[in-house]
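In this chain, numbering begins with 1 at the start of the sequence shown.
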Amino acid sequence: MPIAFTPWPDEFAQRYRDKGYWNDQPLTDILNHGHDDHTAIISADKRYTYSELRYYSQRLARQLLKRGVRHGDTAIIQLPNEADFYVAYFAALYAGIVPVNALFSHNRHELLAYAQQLQPRLLIASSQHPLFTNTTFIQELAAATPDLSTVIIDGGADFAEDLQTLLHEDYTTSEPLPQPTAADQVAFFQLSGGSTGTPKLIPRTHNDYYYSIRRSVELCGVTAATVYLCALPAGHNYPMSSPGALGIFFAGGTVVMAASPDASNCFDLIQQHQVNMTALVPPAVALWLLAAPEHRDQLNSLKLLQVGGAKLSETLARRIPAELGCQLQQVLGMAEGLVNYTRLNDPDELVYSTQGCPMSADDEVRIVDQYGQPVADGEIGELTTRGPYTIRGYYNAPEHNARVFDADGFYHSGDLVRRNDRGYLQVVGRDKDQINRGGEKIAAEEVENLLLKHTAITHVALVAMADDNMGEKSCAFIVLQNGQEVPKPIVLRKYLRGQGIAEYKLPDHFEFIDQLPLTHVGKPDKVRLRAMIEAKQQQPRRDTKAIPEAQQ
Ligand code: J2J
């Protein structure tokens, strides 16, 4: 049985095919464009040509089927930024297994949430992750997912097979070369930044994702000569598809894996491999600008720097060409679909001050007021969109879908934007219950629900607070049970860590108040709470404690 998802209405599907956007090829076709002996991926200890990438992916696909994982089954893949991330991803696609790529920063809480929704038969993870150094989590996962039958740990574990053994052991198999899922069906799941208690899964079909990749390659000028540094988490939609590693593979270029966007390591890799293109989030740009003056010669090969995931200030944008010596491209994208780019031949003013315009002529963007009515160009409204690579619904989430997809199938992004007379968008704010911590998205409700489990806490509201480095950080306003002593931040963070959430979701700051201000419908008034923390941030600091709270 194919994975259920909300399809595009027939007339749209027909139009997207007629226009050549959907070409009914599986994503594995990305690896079929020649370039066999050209290097596809370089990571710390490995290098694969295109032939090798195909060989190892297909080999792993057969190994998975041999172990009883079946076409149409789901999987969780969680690997760090290394070459075998793509081997595992393509192996799943070749075998018709539908994976979700969890971020490496994800922890017990996130993986369980994905597992509960997908009921995967397969897990491919890494011994470098603390969850997989012993069997505790695997047992918990197995209890929540009775279908889980195959666990593969890269780097080995005494409770699972080692990915490297599957890739390199002597092997004979009569398994035929497997088939991907049908091109108009779900190929894999992307992760939503989320605004609700449970992280939502985004079903992406081969057809829609492949189109977004091909179009991105065209717009970003990617060729076989492109050497792309993948410094953001490899499974994220941006470094995967905008044009990301998959775009580079499609064009026959080379992807260099960096463990993180850390400036000194990335600068070394850029120099060593003559990297000419990369993608960053704004806080990483700020760190690169800081490090650049002393290392400018290491960046000589870099031609194009994409920046997206969170708002890039115009001040920072203007510094990029001068101080890093490369061209800037702004990217406003979302794992749900729509991606906007500034174009490579755009005038500087557009590149510095906007987040680009939609990549497809058939991306429909409506900017609407709170009643769903279109606003005039130049006015602020919510960005809503539908198109050939924007989903029509999250996986298995009918109630949420009814809220965020309107009757015309437009996805309501929760981004507040303004469109100029050239059709370029500028992000000015957000109307969704999410914090964008330097590109990492935090669904407020998810963290609030965990804090509410704490016996000393009666009410909680998580809001964004401005931060010079990250753009935004998170602040938890907390109302304690009567008579409870105010807990130290370190105690609350420890408590949350105990709940197994990803580190970036831990509140950066805590405020304790007697009661939460409420809106007229009785919900916590987050606009007021944000104003309260902003006012407090603007007060001159009286205490001179040197330790930032988040490190306590
Ligand atoms: C302001 N906010 C931005 C930008 C994303 C390419 C690039 C990024 C993503 C991504 C992606 C922004 N300025 N330039 O998937 O393919 C915020 C918006 C948006 C949300 C989506 C891609 N670029 N954002 O960031 O699914 O709020 O995708 O709705 O993680 O990030 O987040 P995500």
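Within the cation-pi definition used here (under 6.0 Å to the ring centroid, within 45° of the axis), R392 qualifies as a partner of F12.
The pair R418-E379 fails the salt-bridge criterion, with no side-chain N (NZ, NE, NH1 or NH2) lying under 4.0 Å from an Asp/Glu carboxylate O. R366 and D408 are joined by a salt bridge, as a carboxylate oxygen and a charged side-chain nitrogen come within less than 4.0 angstrom of each other. The pair E314-R318 meets the salt-bridge criterion, with a side-chain N (NZ, NE, NH1 or NH2) lying under 4.0 Å from an Asp/Glu carboxylate O. A salt bridge is defined here as a Lys NZ or Arg NE, NH1 or NH2 lying under 4.0 Å from an Asp or Glu carboxylate O, and E503 with R497 meets this definition. A salt bridge links K432 with D415: the closest approach of a Lys/Arg side-chain nitrogen to an acidic carboxylate oxygen falls below 4.0 angstrom. A salt bridge does not link E472 to K311: none of the charged side-chain nitrogens sits closer than 4.0 Å to a carboxylate oxygen.
Rounding to the nearest 0.5 Å gives a distance of 13.5 Å between OG1 of T205 and OH of Y210.
With respect to L141, the side chain to side chain contact (heavy atoms under 4.5 Å, CB included) criterion is satisfied by exactly one of T136, L112, L131: L112. Screening R343, M277, M359 for a side chain to side chain contact (heavy atoms under 4.5 Å, CB included) involving C220 leaves a single residue, M277. Of the residues listed (N340, D346, T354), the one engaging Y424 in a side-chain hydrogen bond (donor to acceptor under 3.5 Å, both in side chains) is D346, and it is the only one.
The aromatic ring centres of F405 and H412 sit 6.0 Å or more apart. Between Y209 and Y389, the distance from one ring center to the other does not fall under 6.0 angstrom. The aromatic ring centroids of Y114 and F189 lie 6.0 Å or more from each other.
Using cut-offs of 30° and 60° for the angle between ring planes, the F85 and Y89 rings count as parallel.
Of all the heavy atoms in L304 and Q329, the pair that sits closest is CD1-CB, 4.0 Å.
Side-chain contact between S413 and T385 is absent, with no heavy atoms from C-beta onward closer than 4.5 Å. The closest side-chain heavy-atom distance from H109 to Q499 is not below 4.5 Å. With a 4.5 Å cut-off on side-chain heavy atoms, V365 and R419 count as touching. Considering only heavy atoms from C-beta on, P239 comes within 4.5 Å of Y228 through its side chain. Looking only at side-chain heavy atoms (C-beta outward), P293 and E323 stay at 4.5 Å or farther from each other. In this structure, L450 and I501 have side chains that are in contact, with non-hydrogen atoms separated by less than 4.5 Å. In this structure the side chain of V447 reaches within 4.5 angstrom of the side chain of P507, judged on heavy atoms. The side-chain heavy atoms of C230 and N81, taken from C-beta on, include a pair separated by under 4.5 Å.
With hydrogens and angles ignored, the 3.5 Å screen pairs a side-chain donor or acceptor of Y495 with a backbone N or O of H454. The closest donor-acceptor contact from the side chain of E448 to the backbone of L462 lies under 3.5 Å.
Remark: the Y21 side chain and the D208 side chain contain no N/O donor-acceptor pair separated by less than 3.5 Å.
Remark: E485 CD is loosely packed, at most 12 non-hydrogen atoms of other residues, nucleotides or ligands lying under 6.0 Å away.
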